[in-house]
Every structure is written in C-alpha cells, then in structure tokens.
Visitor: 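Take this structure first; my questions come after.
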Amino acid sequence: MFCLNIALGNTSWRLLFKTEDRARLVYEVISNPVIENLILDDDFGQQLCAKVAHIHGFMLEDMDKTKLAHVEMALHQARTQILATKMAQSDQGLRTSSMMQGPAVLNPMNGGFRPS
C-alpha cells in the first residue's frame, strides 16, 4: 500500500493507493508545474480538488517500509529502556533512593485483598 501525503495550507490530505504505479502516476501529476487545478482520486473513494498553488509539499510513502520502520523504532525504544533500567540498577544513588520507598502496601478495603 502506498500513501501520498499532501500539505495544503495548515492542513494535510492523505490519498491511499494499492499499487506503487498508481501512486507514482498521481505523484507525477502533482509534480507537473503546468497544471493549476487538481482533481485526484485514490483507490479508496477519496477525491481531492485543490489549486496547485495551495500545495506546500507532498510525500510519497511506501507503507510496508514505514511499518518496518515503526517496528525498528519500537525495538530500539525497548532496548533503550532495558539499558536505562540496568544502568539505574547499577547506580548507587538511584538504588538507595528506591530502597527508601519501601515495599508496596496491599489495601484490604475498597475491593482490594479480602481473605476468604
């Protein structure tokens, strides 16, 4: 799936396409400096009508690659969090501070722990 993001004034519009060929065709239409007004259809029933002069920029996105990029960023965040936790555990000041807070307390009231 391919996405064409179009910046129009202070808003943006997203057109979606099933194939790269169709997305590139619409991308080329927008890139044409001769055209003044656009009427564009995507593969999912959206239609955009705009003046080319109002378009500030546009970006073609391969959503399969973007999905992989988001997964890689999430993995990087998880690795960073694990490293930060390990470093915090080895930091004497942080370890002392967390020990001073004491253990968690169970509240037997208000739907909490109730022995049978």
Side-chain angles (χ1 to χ4, degrees):
M1 178 109 66
F2 292 83
C3 176
L4 184 60
N5 297 291
I6 305 167
L8 294 163
N10 61 357
T11 189
S12 64
W13 198 278
R14 174 179 268 190
L15 299 175
L16 298 171
F17 302 95
K18 295 177 183 176
T19 65
E20 183 176 6
D21 292 337
R22 175 98 163 88
R24 289 218 178 267
L25 177 68
V26 173
Y27 184 89
E28 294 300 324
V29 168
I30 294 174
S31 301
N32 188 340
V34 178
I35 298 174
E36 291 183 23
N37 296 309
L38 292 174
I39 298 177
L40 304 171
D41 293 335
D42 73 358
D43 293 340
F44 294 90
Q46 295 185 89
Q47 187 175 59
L48 170 68
C49 180
K51 292 183 181 286
V52 173
H54 294 164
I55 295 177
H56 298 292
F58 46 94
M59 177 180 72
L60 183 60
E61 175 183 0
D62 182 338
M63 294 182 72
D64 289 333
K65 290 180 181 176
T66 301
K67 178 174 48 177
L68 180 60
H70 283 284
V71 169
E72 288 294 335
M73 289 179 0
L75 290 172
H76 174 73
Q77 176 62 31
R79 289 184 196 106
T80 302
Q81 186 63 44
I82 290 169
L83 180 60
T85 301
K86 285 181 183 178
M87 291 177 76
Q89 290 170 349
S90 66
D91 184 293
Q92 183 63 35
L94 290 175
R95 193 168 58 234
T96 302
S97 174
S98 67
M99 291 175 136
M100 292 174 60
Q101 293 175 1
V105 177
L106 292 176
N107 182 0
M109 307 303 277
N110 299 328
F113 176 74
R114 292 187 182 152
S116 54

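If you read the sequence from its start, that first residue is 1, and numbering goes on from there. None of these values were measured; they are calculated from a predicted model.
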Visitor: Could you pull out all residues at least two apart from Tyr27 that satisfy ring pair (Phe, Tyr, Trp, His ring centres under 6.0 Å)?
Guide: Phe58
Visitor: May I ask you to check whether over 12 heavy atoms, not counting those of Ile39, lie within 6.0 Å of atom CD1?
Guide: no
Visitor: Listing request: all salt bridge (Lys or Arg N to Asp or Glu O under 4.0 Å) pairs with a residue in residues 27-40, at least two apart in sequence or in separate chains.
Guide: none
Visitor: Using the test side chain to side chain contact (heavy atoms under 4.5 Å, CB included), find all partners of Asn10 that sit at least two apart in sequence or belong to another chain.
Guide: none
Visitor: Just how far is it from atom CG of Asn37 to atom NE2 of His54, taken to the nearest 0.5 Å?
Guide: 9.5 Å
Visitor: Same hydrophobic cluster for Met59 and Trp13, using side-chain heavy-atom links shorter than 4.5 Å among ILVMFWY?
Guide: no
Visitor: With sequence neighbours excluded, tell me which residues meet side chain to side chain contact (heavy atoms under 4.5 Å, CB included) with Gln92.
Guide: Arg95, Thr96
Visitor: Scan for side-chain hydrogen bond (donor to acceptor under 3.5 Å, both in side chains) pairs involving residues 65-83, sequence neighbours excluded, and state none if there are none.
Guide: Glu61-Thr66
Visitor: Under the criterion side chain to side chain contact (heavy atoms under 4.5 Å, CB included), which of Leu8, Ile30, Leu38, Leu4 is the partner of Leu48?
Guide: Leu8
Visitor: State, to 0.1 Å, how close Gly9 and His56 come at their nearest heavy-atom pair, and which atoms those are.
Guide: N-CD2, 3.1 Å
Visitor: Tabulate below the donor-acceptor pairs under 3.5 Å that side-chain atoms of residues 15-25 make, not counting sequence neighbours, or state none.
Guide:
unit_1, atom_1, unit_2, atom_2, d
Thr19, OG1, Arg22, N, 3.3
Glu20, OE2, Arg24, NE, 3.1
Glu20, OE2, Arg24, NH2, 3.3
Arg22, NE, Asp43, OD1, 3.0
Arg22, NH2, Asp41, O, 2.7

Visitor: Considering only Ile, Leu, Val, Met, Phe, Trp and Tyr, and joining two whenever side-chain heavy atoms are under 4.5 Å apart, list the other residues clustered with Leu83.
Guide: Met87
Visitor: Nearest 0.5 Å, please: how far is CZ in Arg14 from SG in Cys3?
Guide: 4.0 Å
Visitor: Say whether Leu40 and Phe44 are linked into one hydrophobic cluster, either directly or through other cluster members, by side-chain heavy-atom distances under 4.5 angstrom.
Guide: no
Visitor: List the residues meeting side chain to side chain contact (heavy atoms under 4.5 Å, CB included) with Ala69, not counting sequence neighbours, and say none if there are none.
Guide: none
